[in-house]
Amino acid sequence: MSDKKTVFILCEKPDAAMRIAKALENGNSFSRKTLYGVPYYEVDRGNEKLLIVSALGHLYTMSPKIANREIFPVFDFSWAPRYLVERGAKKTKTWINVISKLSKKAQEFILATDYDIEGATLGYTILKYACGGKEKEAKRMKFSTLTTNDLRKAYESLLPHIEFPVVEAGLCRHFLDALYGINLSRAMTVSAKNWSGKYSTLSIGRVQGPTLKFLVDREKEINSFIPTPYWSIKAKIKVKGSIYEAEYEKEVIRTKSEADLIVDSCKNKIGKISRIEVKKILQKPPIPFDLGALQTEAYALFKYTPKRTLEIAERLYLSALISYPRTSSQKLPPSINYVSILESLKNHPEYRDLAGTLLTKNDLTPREGKKDDPAHPAIYPTGNLPERDLSPQEKRIWDLIVRRFMAVFGSPALKQSVKVSISIGEHTFYLRGRRILDEGWIKFYRPYVRVDEVILPELKVGDQIEFLEVLREDKFTRPPPRHNPSSLLKKMEAEGIGTKSTRADIIETLYERGYISGERITVSELGFDVIDLLDRYCPEVISVSLTKDLEESMDRIQSGNEKMENVIVKAVERLKPIFEEIKRYEKDIGRELSESIKKARLQERILGQCLTCGTGKLIILHSRRSGKRFVGCTNFFNGLCKTSFPLPQKGSIKPLHRSCSKCGWPLVQVKIKGKRPWILCINPECPSKKAG
Ligand SMILES: [Zn+2]
Ligand SMILES: [Zn+2]
């Protein structure tokens with residue numbers, strides 16, 4: 001036996017464990033081992049031996065003291081291994097076993113999970129419960145990238161302990177989410193079950209409620225919107241041989257007769273330039289990406305949902321290509337070493353010239369935004385080049401991050417706008433020109449900036465302009481647009497609910513529960529009903545203010561200005577009467593919910609209109625005799641229509657509410673586990689199915 005000390009390092013993901021092992025091996029020995037199928041790394045550094053293990057997400061979870069799912073409200077929770085509480089978390093048992101076995105061999109402990117609330121909380125619970133109370137003595141490794149350099153630096157300058165206030169905020173968040181989620185879910189499920197005798201899980205989380213409420217409110221605004229007509233006028237004009245479009249001085253004309261009058265008095269006339277205004281505008285470079293801004297940009301450019309963007313960014317981070325993406329910082333401190341990042345990027349043919357241009361600048365100062373994050377800088381490329389083939393999606397997000405990083409060091413762009421006023425009698429039209437005089441930062445961000453230049457010929461006051469056509473456009477005022485996942489995320493951000501790490505998931509959950517659908521989000525009837533119900537019986541649950549108050553309290557805990565116990569006591573006090581109210585109206589709530597669920601279930605079975613009888617609806621039915629499912633017409637039940645079609649017996653079937661373009665019968669989506677879903681026309685005689 002040597003008296004070499006053993007150091008236990010806990011990481012968040014297997015890739016991170018591998019990178020830390022490689023970075024710290026010192027050219028000595030580094031080996032990948034497994035225990036009960038769980039991989040870990042052993043590194044011999046001469047004077048010390050490292051055991052590097054990764055977690056498997058959270059291994060522990062908040063569990064109510066009262067396990068009976070029919071009892072609510074419950075206010076007592078404790079941390080328990082996930083495999084005891086959740087179905088489908090069996091794997092975590094082996095993981096906890098391995099971690100606790102390996103930890104027994106160690107004299108020192110280092111937490112190297114993600115440096116944020118979830119990483120700290122997850123690490124804390126594992127150190128405390130799986131490693132036998134090592135949460136107080138463990139040191140903390142802090143890094144924002146998984147590059148060899150940064151990992152070595154982090155190991156050489158370990159923080160003396162884990163970030164306790166952050167952990168406290170994390171523990172508080174988990175408690176509040178459980179308090180809310182478990183009680184509401186039990187209340188809704190139990191009351192519906194007591195009424196209908198059927199068990200169907202319903203739930204709405206602490207942040208989901210107010211988020212769904214935003215969508216319901218928007219939907220109501222859209223539904224109650226009354227479009228009013230208005231008119232606008234455009235003209236096609238000939239300027240020095242080319243044709244341009246000019247717009248009438250008034251964008252909105254209230255009556256059709258006024259619009260017609262203008263058209264009549266201007267068509268086939270010659271106008272005269274009465275004024276030319278030239279403006280020069282300096283446009284500053286963009287600011288570095290925080291997570292929200294990256295998600296917004298990726299949605300606008302590539303239509304990636306916020307969740308997808310985060311997943312891609314996460315993979316790029318684990319490949320050491322970009323810095324930690326869960327950040328709200330818009331700042332890039334000099335310590336990340338701009339020059340060395342640009343020097344490395346120069347080795348990539350795509351970026352050689354651009355990075356080279358920046359490196360010749362005397363002054364490399366990034367433009368920065370206001371938001372800061374004590375844990376991590378804004379998202380930046382590490383300078384590492386890919387060691388593997390990136391997927392097309394990864395390539396796009398990486399390119400976006402690299403170009404954005406370079407653009408923030410660019411000089412302002414100089415743009416010129418020209419507004420030419422053309423008079424015809426008492427009327428005026430505007431011809432607008434736009435051009436870039438000096439592209440500045442745009443050069444670095446080129447593929448992602450829309451540059452629509454309109455370059456006008458030399459013009460002077462007094463020039464005559466021929467009006468080829470004057471057109472009246474009939475328009476209607478429009479309702480506010482539907483939210484999409486990206487605008488919804490921004491709304492949550494602006495209202496201060498959820499966190500940068502959780503928002504994308506919360507939106508995704510609303511989809512999974514069937515409360516919302518579509519990319520331009522519509523709320524399902526079930527979503528409407530749930531919000532309507534909560535609004536009447538316990539409006540506080542879906543109010544922004546309660547959730548926002550709690551978020552602010554958690555921020556105060558994190559900065560060391562508030563105690564978790566106080567926040568929990570206050571939250572329980574505020575929620576107790578709410579749950580009691582729910583209990584009092586349990587019967588009514590149960591009846592309403594049961595009806596909503598029934599309606600929603602029926603809705604899920606309706607495929608569309610029957611083309612044979614024209615009045616019935618096509619619905620998914622199950623044969624009493626064989627149990628097989630098929631499509632039948634609702635008019636079958638009153639003897640008016642016998643239309644029916646077979647259906648595949650495997651997988652799930654979802655109505656698409658669209659008709660087949662070949663035959664007009666409804667289309668459905670068939671999804672079999674593990675296979676790509678496909679679209680099926682329910683009509684077996686459909687021409688699209690005939691070969692040739
Ligand atoms: Zn029919
Ligand atoms: Zn068809």
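In each ligand, atom 1 is the first atom listed, and ligand 1 is the first ligand listed. Note that the numbering runs from 1 along the sequence shown for the chain. Scope of the values below: all heavy atoms of this structure, side chains included, with no hydrogens, waters or symmetry mates.
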* Quick check, are the ring centers of F645 and W665 under 6.0 angstrom apart? -> yes

* **E595 side-chain N/O to E592 backbone N/O, donor-acceptor pair under 3.5 Å** => no

* Asked: Is the backbone of V74 close enough, under 3.5 Å, to the side chain of N183 for a donor and an acceptor to pair up by distance?
  -> yes

* Structure fact -> Here the Zn ion (ligand 1) sees protein N, O or S atoms within less than 2.8 Å, and their number is 4

* Provide the protein N, O or S atoms situated under 2.8 Å from the Zn ion (ligand 2); waters are not included. => C660 SG, C663 SG, C681 SG, C686 SG

* Assess the side chains of H483 and E219: does a donor N or O sit below 3.5 Å from an acceptor N or O? => no

* Measure from the side-chain N and O atoms of S487 to the backbone N and O of N484, and report whether any donor-acceptor pair falls under 3.5 Å. => yes

* To do: Using atom types as modelled and distance alone, determine if a side-chain donor or acceptor of D535 lies under 3.5 Å from a backbone N or O of I531.
  => no

* For residues A298 and I397, report the shortest heavy-atom separation together with the two atoms involved. => CB-CD1, 3.8 Å

* Asked: Roughly how far, to the nearest 0.5 Å, is the NZ atom of K654 from the CG atom of L607?
  -> 13.0 Å

* Asked: Just by distance, do the side chain of W398 and the backbone of L385 share a donor-acceptor pair under 3.5 Å?
  -> no

